[in-house]
2 protein chains.
Amino acid sequence: MRAGEVAPGLDAPEEGNATTGATEADAVSVPEEPVTTGRPRRRGVPTIYDVAEAAGVAPSTVSRTFSRPGRVNSETAARIRQVAADLGYRTNPMARALSTTHTSLLALVVPDITNPVYFEIINGVQDEAAEAGYTVVLVDSRESDRREREALERALPIVEGIVLGTSRMSDASIRMIAKQRPMVAINRAVREIPSVVPDNSRGVRRALEHLGELGHEPVTYLAGPEASWADGMRWRGLREASLELAVHVRRLGPLAPTVAGGVAGAKAWLQSPTTAVIGFNDLVAIGFIRYVTSRGVRVPEDVSVVGYDNIFAADLVTPPLTTVATPRRALGAAAVRNLLAQIKGAHPRGGPPVVVPVKLVERQSTGPAPAQAPAAGTPPRGIPVR
Amino acid sequence: MRAGEVAPGLDAPEEGNATTGATEADAVSVPEEPVTTGRPRRRGVPTIYDVAEAAGVAPSTVSRTFSRPGRVNSETAARIRQVAADLGYRTNPMARALSTTHTSLLALVVPDITNPVYFEIINGVQDEAAEAGYTVVLVDSRESDRREREALERALPIVEGIVLGTSRMSDASIRMIAKQRPMVAINRAVREIPSVVPDNSRGVRRALEHLGELGHEPVTYLAGPEASWADGMRWRGLREASLELAVHVRRLGPLAPTVAGGVAGAKAWLQSPTTAVIGFNDLVAIGFIRYVTSRGVRVPEDVSVVGYDNIFAADLVTPPLTTVATPRRALGAAAVRNLLAQIKGAHPRGGPPVVVPVKLVERQSTGPAPAQAPAAGTPPRGIPVR
DNA sequence: TTGAAAGCGCTAACAG
DNA sequence: CTGTTAGCGCTTTCAA
């Protein structure tokens with residue numbers, strides 16, 4: 001018995017004692033004045049109790065009406081919904097969560113919301129989540145595993161699952177957290193954790209193919225961070241493609257995955273230039289172009305460069321960047337679908353990563369190799385050596 | 001009385017019959033078989049009851065230990081914390097929220113997470129929120145008021161407050177929602193809603209000042225969307241500055257606040273060029289530069305252009321863009337501080353917007369006006385008229 | 001199909 | 001300073 005409900009009704013004389021489910025004892029104290037607004041409890045947002053009373057049914061019936069439609073007579077349901085609407089009733093997510101542990105919240109972890117690469121991932125995740133009635137909590141680790149852990153720590157207890165859009169944490173930490181909530185990783189393969197990744201090997205292969213067709217040989221790969229899983233995949237793919245396509249590939253790095261990293265790569269490249277380079281990502285490619293351009297090297301006349309990711313800025317720089325477009329929105333959406341499946345019970349954890357296709361976007365930073373290929377160690381014409 | 005608690009206690013003989021608060025009636029029904037694991041309730045994450053029992057105190061004391069440190073003896077607290085740690089107890093946010101309506105969640109609404117302008121705002125909001133122990137739920141309206149309303153609708157019941165980082169909803173809708181939760185708007189003044197905005201008039205004034213010093217006259221303003229509050233502010237500031245600085249300003253627009261908008265603006269500008277233009281934002285400025293450059297106009301030799309916002313790409317384009325830097329991170333942080341203050345009770349709603357300072361970042365898209373200013377209606381030298 | 005009643009885990013008076 | 005006791009609003013057996 002909910003004492004709290006009865007008492008207030010009784011304590012408020014002007015409310016009269018509408019048979020609020022009062023016991024016989026209560027019933028004896030005959031009401032003397034009619035009530036206008038029979039509001040049950042303290043003022044505030046209406047609850048199922050308010051709706052129940054107004055509709056003349058039990059609270060549990062109201063609850064069922066919203067949580068298990070179908071388990072209640074359609075007419076009663078209709079009436080209840082009507083009353084609820086009139087009262088402006090909205091089910092309280094916290095109360096529901098308390099008894100069901102179902103919060104309709106998902107966490108999305110990204111290392112840096114400022115990094116263009118994540119925009120579309122975020123959009124894809126949000127869209128797919130919204131479609132399933134889920135809201136997403138964005139956890140921005142700011143490239144710090146401490147921040148990431150803290151933020152995740154805070155979000156963990158309220159979310160039903162986690163999408164790891166590139167994490168800065170160790171595999172061990174990740175697995176630790178995966179024990180507490182369903183999780184799926186994007187762009188990173190962690191043993192035991194389901195993941196979805198872009199087709200890295202095909203991406204670099206297409207880039208190399210494109211460059212090869214233009215007559216470039218050899219090609220320089222401006223490598224990403226040592227710890228980067230994606231970099232490992234791309235380099236591996238590049239070596240394989242190199243064999244198949246019969247165009248040599250040199251590796252130069254590791255480099256920070258930023259414009260600054262690209263500048264650093266350009267400086268190194270100037271010491272032993274090639275007619276084409278493939279950047280670890282667009283930022284690196286952009287930094288490369290900027291620097292070599294400032295040194296009098298023309299793109300793509302002297303050197304062709306292709307980036308990776310196809311971020312927003314790729315089409316803004318001069319010349320517009322030829323790059324491998326990763327389907328980031330699809331990546332995010334796929335991750336959420338997988339996650340939701342896990343949440344719904346079917347726990348297909350582990351297994352090989354889901355691979356989504358990529359494609360090469362040809363713009364103006366690539367062109368035919370210069371007529372005469374530079375001798376090894378010799379800068380292409382026009383390049384001031386260092 | 002929590003039946004669930006008492007029964008288990010009695011069932012465990014090895015616990016002796018410590019007067020756990022059992023009634024006489026309960027005490028009589030002597031247990032016949034011993035139990036090994038005297039686990040209180042259903043298996044799962046530990047609750048304050050588990051901690052209380054293990055520490056030999058009342059649940060409420062455990063609760064206080066975590067929710068109102070200081071209101072409990074430091075030694076007892078220490079012991080409780082120790083036990084809690086051992087048990088791996090973590091306070092359940094949903095349960096807490098249910099009784100306090102304090103969720104430690106904030107909503108941040110942005111029209112398009114893909115728009116570079118919002119990155120720093122998001123970071124500022126996240127940082128400030130995290131510092132106060134709050135987690136933020138990102139609501140991306142995707143430039144659609146329907147989506148925005150729906151997402152907000154979903155988040156509303158669980159957040160304690162809302163930061164509107166540029167909304168697509170009507171003032172009326174906004175005010176409607178503000179009735180339900182504390183709110184503060186960024187970059188938009190809505191009557192009755194506290195807001196924080198960048199110093200638009202000072203920003204455009206600095207831009208015009210800069211251009212004036214370089215000898216430009218008159219200057220063209222590539223206007224933003226008609227409905228944009230910011231555009232209104234900027235144009236107004238420009239007209240005032242125009243008077244004070246004695247340099248004429250022409251308005252050209254409205255334009256979409258995008259690269260495409262800039263291209264459209266450039267086409268119009270070519271019909272009656274000036275030696276300098278100020279874009280509504282960086283994207284517009286970038287689009288402008290792209291187009292005029294493709295038509296043989298040199299920047300900044302033939303025309304100087306200044307953008308607005310100082311987005312990431314501003315420093316990536318060629319030439320790097322001179323632009324007015326808006327302190328977006330500070331904007332976000334200030335908004336959260338204000339919001340938190342409201343949530344904590346002091347409701348300083350309404351009032352004039354909080355204005356945060358901006359500054360001009362000079363890069364290479366601006367330079368001295370061409371020696372001979374073009375006669376009105378005449379294209380600067382080198383510009384092919386249409 | 002509906003109702004009654006017991007919690008979900010925590011906080012909050014109110015006593016002691 | 002600590003324990004008792006009601007709930008917060010909703011879901012969920014268990015009966016009817």
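As the structure is a prediction and not an experimental result, all values here were calculated from the model. Letters go in sequence order (proteins before strands), and every chain restarts at 1.
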### Summary
For Ser63(B), the side chain to side chain donor-acceptor pair (under 3.5 Å) test, sequence neighbours excluded, returns none

### Separation of dC10(C) P from Ile158(A) CD1 (nearest whole Å)
15 Å

### Query
Which pairs, with at least one residue in residues 67-89 of chain A and sequence neighbours excluded, count as a salt bridge (charged side-chain N to carboxylate O under 4.0 Å, His left out)?
none

### Message
Please enumerate all residues that pass side chain to side chain contact (heavy atoms under 4.5 Å, CB included) together with Ala97(A), with sequence neighbours excluded.
### Response
Thr103(A), Met94(B)

### Message
Within residues 70-78 of chain A, which residues have any heavy atom lying less than 4.0 Å from an atom of DNA chain C?
### Response
Arg71(A), Val72(A), Asn73(A), Thr76(A)

### Task
Starting at atom CD1 of Ile80(B), determine the distance to atom C1' of dG3(D), rounded to an integer number of angstrom.
12 Å

### Message
If I take atom CG in residue Leu98(A) and atom P in nucleotide dC10(D), what distance separates them, rounded to the nearest angstrom?
### Response
12 Å

### Five-pair end axes of the helix from dT1(C)-dA16(D) to dG16(C)-dC1(D), angle between them (10°)
30°

### Task
Sequence neighbours left out, what passes side chain to side chain contact (heavy atoms under 4.5 Å, CB included) with Leu138(A)? Give chain and number order.
Leu108(A), Val110(A), Ile113(A), Ile122(A), Gln126(B), Leu138(B)

## Note on the structure
Heavy-atom closest pair (Asn338(A) atom, Pro194(A) atom, distance to 0.1 Å) is ND2-CB, 4.0 Å

### Heavy-atom protein contacts under 4.0 Å, nucleotides 11-16 of chain D, coded B base, S sugar-phosphate only, - none
BBB---

### Query
Which residue pairs pass the ring pair (Phe, Tyr, Trp, His ring centres under 6.0 Å) test when at least one of the two sits in residues 62-88 of chain A, sequence neighbours left out?
Phe66(A)-Tyr89(A)

### Message
Quick test of your reading: applying salt bridge (charged side-chain N to carboxylate O under 4.0 Å, His left out), list the pairs with at least one residue in residues 87-97 of chain A, sequence neighbours left out, ordered by first then second residue.
### Response
Arg90(A)-Glu153(B)

### Summary
Between CZ of Arg90(B) and P of dC8(C) the distance, given in whole Å, is 21 Å

### Message
Glu131(A): which residues meet the side chain to side chain donor-acceptor pair (under 3.5 Å) condition with it, sequence neighbours left out?
### Response
none

### Message
Ala132(B): which residues meet the side chain to side chain contact (heavy atoms under 4.5 Å, CB included) condition with it, sequence neighbours left out?
### Response
Tyr134(B), Leu340(B)

### Query
Got a sec, which residues hit side chain to side chain contact (heavy atoms under 4.5 Å, CB included) with Ala333(A), two or more places apart in sequence or on another chain?
Glu128(A), Arg337(A)

